[in-house]
Undergrad: 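Take a look at the following structure, please.
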Amino acid sequence: RQAMTRVTAGDYGVRVPVVTSDELGEVSDAFNRMAAGLEERERLRKAFGTYLDKEVAGFILSGRFPEEGVEVDVSIMFCDVADFTPFAERSDARSVVAALNGLFETIVPVIARHGGHVDKFLGDGLLAVFGAPEGFMDHADRALAAGREIVEAVNRPGAPLEVRVGINSGRVVAGSIGGAGRLNFSVIGDAVNTAARAEAATRET
């Protein structure tokens, strides 16, 4: 009973001794196998949340988003590091990874705070979506506010890296896309391509 209480509280590492070969022993062994299975499931859940947006994962698992995908109006943000290639060429691998991780530690929370989701990391940049899978009427305002906050937070005097942000709003196809047992929630459409071109244009302007 004590072990069951601990599992209910989220302690999946608990085990009970198997000291008999009767029905009680069988129940104890079954309990231990159940706890081990829950412990493994929790590890997978944490890994799932590390490599995917937790909010998107929860939304999809809830069954509220159609598996076949939908057409929705969203705002797309592309964020990229300016002149990253020269920085990478003069830095060692450890420094490059540390710099990018530090940069994304600043950018990702800003996106999440404004209701956006990181669709994918693209080397030294990322693609974020505002308005899917949750629908926001003010997705454009959210994306713009996030973009401005990112630029102000990262592009400080003397900062080692600077970012450029491109935003576009429009209709896209949103859904879980992939194959062979691997899926990724993503958005597809000309609105995405236009956002990428907007970000590219910031290198000129």
Side-chain angles (χ1 to χ4, degrees), residues 49-60 64-65 69-88 91 95-177 184-205:
T50 298
Y51 285 91
L52 294 176
D53 189 303
K54 294 182 177 65
E55 296 295 330
V56 171
F59 202 91
I60 293 174
R64 290 179 289 164
F65 197 86
V70 293
E71 288 190 19
V72 290
D73 290 316
V74 300
S75 289
I76 307 295
M77 172 194 290
F78 274 91
C79 186
D80 194 25
V81 176
D83 300 321
F84 181 75
T85 301
F87 169 80
S91 306
S95 299
V96 171
V97 172
L100 286 177
N101 285 341
L103 182 70
F104 292 140
E105 283 287 343
T106 299
I107 294 175
V108 173
V110 174
I111 293 171
R113 192 160 56 247
H114 290 278
H117 300 290
V118 175
D119 181 299
K120 58 178 66 69
F121 291 98
L122 306 165
D124 60 313
L126 59 79
L127 163 61
V129 182
F130 296 78
E134 306 102 318
F136 293 121
M137 295 296 293
D138 60 342
H139 54 80
D141 293 331
R142 290 170 178 265
L144 181 58
R148 292 181 56 144
E149 187 174 336
I150 288 170
V151 169
E152 291 172 0
V154 176
N155 297 352
R156 302 183 308 274
L161 297 175
E162 289 191 356
V163 295
R164 304 289 184 262
V165 176
I167 299 171
N168 182 55
S169 299
R171 181 154 287 253
V172 299
V173 174
S176 298
I177 300 169
N184 179 47
F185 179 82
S186 191
V187 290
I188 300 173
D190 189 58
V192 180
N193 301 330
T194 302
R197 291 195 293 270
E199 188 278 322
T202 64
R203 303 170 196 179
E204 303 291 333
T205 60

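In this text, all values refer to a predicted model and were calculated from it rather than measured experimentally. FYI, the numbering just counts along the sequence from 1.
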Undergrad: Heavy-atom count around D83 CG within 6.0 Å, excluding the residue itself: above 12?
TA: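 At most 12 heavy atoms, drawn from other residues, nucleotides or ligands, come within 6.0 Å of this atom.
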Undergrad: Which residues pass the salt bridge (Lys or Arg N to Asp or Glu O under 4.0 Å) test with D138, sequence neighbours left out?
TA: R142
Undergrad: List the steps, then state whether side-chain contact (heavy atoms from CB on, under 4.5 Å) holds for L126 with I111.
TA: CA-CA 11 Å; L126 59 79; I111 293 171; 3.7 Å; yes
Undergrad: Just to verify, what does D80 make a salt bridge (Lys or Arg N to Asp or Glu O under 4.0 Å) with, not counting sequence neighbours?
TA: R203
Undergrad: Please report the C-alpha distance between L127 and V118 in whole Å, then the side-chain angles of each, then the deciding distance to 0.1 Å, and finally whether the side-chain contact (heavy atoms from CB on, under 4.5 Å) criterion is met.
TA: CA-CA 6 Å; L127 163 61; V118 175; over 6 Å; no
Undergrad: Tell me whether the centres of the aromatic rings in F130 and F136 are closer together than 6.0 Å.
TA: no
Undergrad: Flag the pair V172 / V192 as yes when at least one side-chain heavy-atom distance between them is below 4.5 Å, and no otherwise.
TA: yes
Undergrad: So, for V96 and A88, which heavy atoms are closest and what is the spacing to 0.1 Å?
TA: CG2-CA, 3.9 Å
Undergrad: Can you see which heavy atom on A143 is nearest to which on M77, and at what distance?
TA: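 It is O-CE, 3.4 Å.
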Undergrad: If you apply the rule side-chain contact (heavy atoms from CB on, under 4.5 Å), what do you find for D124 with F104, and how did you get there?
TA: CA-CA 9 Å; D124 60 313; F104 292 140; 5.8 Å; no
Undergrad: How far apart are the closest heavy atoms of A146 and V110, and which atoms are they?
TA: O-CG1, 3.7 Å
Undergrad: Could you pull out the closest heavy-atom pair between S169 and S75, with the gap in Å?
TA: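 So the minimum-distance heavy-atom pair works out to OG-OG, 2.5 Å.
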Undergrad: Please list all pairs passing the side chain to side chain donor-acceptor pair (under 3.5 Å) test where one or both residues lie in residues 143-153, with sequence neighbours left out.
TA: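 Applying side chain to side chain donor-acceptor pair (under 3.5 Å) to every pair that reaches into residues 143-153, excluding sequence neighbours, yields R113-E149, H114-E149.
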Undergrad: I'd like to know if R164 and E162 make a salt bridge, using a cut-off of under 4.0 Å between side-chain N and carboxylate O.
TA: yes
Undergrad: Any chance you could measure F78, atom CZ, to I167, atom CD1, to the nearest 0.5 Å?
TA: 12.0 Å
Undergrad: Minimum heavy-atom separation for V165 and C79, please, with both atom names.
TA: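 Taking V165 first and C79 second, the nearest heavy atoms are CG2-SG, 4.0 Å.
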Undergrad: Quick check against the 3.5 Å criterion: does S91 have a side-chain atom that pairs as donor or acceptor with the backbone of F87?
TA: yes
Undergrad: Of V129, T194, N193, which meets side chain to side chain contact (heavy atoms under 4.5 Å, CB included) against I76?
TA: V129
Undergrad: Testing the basics here: between T106 and A153, what is the closest heavy-atom pair and its distance to 0.1 Å?
TA: CG2-CB, 4.0 Å
Undergrad: Can you find a pair of side-chain heavy atoms, one from V187 and one from V173, that are under 4.5 Å apart?
TA: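 No; the side chains remain at least 4.5 Å from each other.
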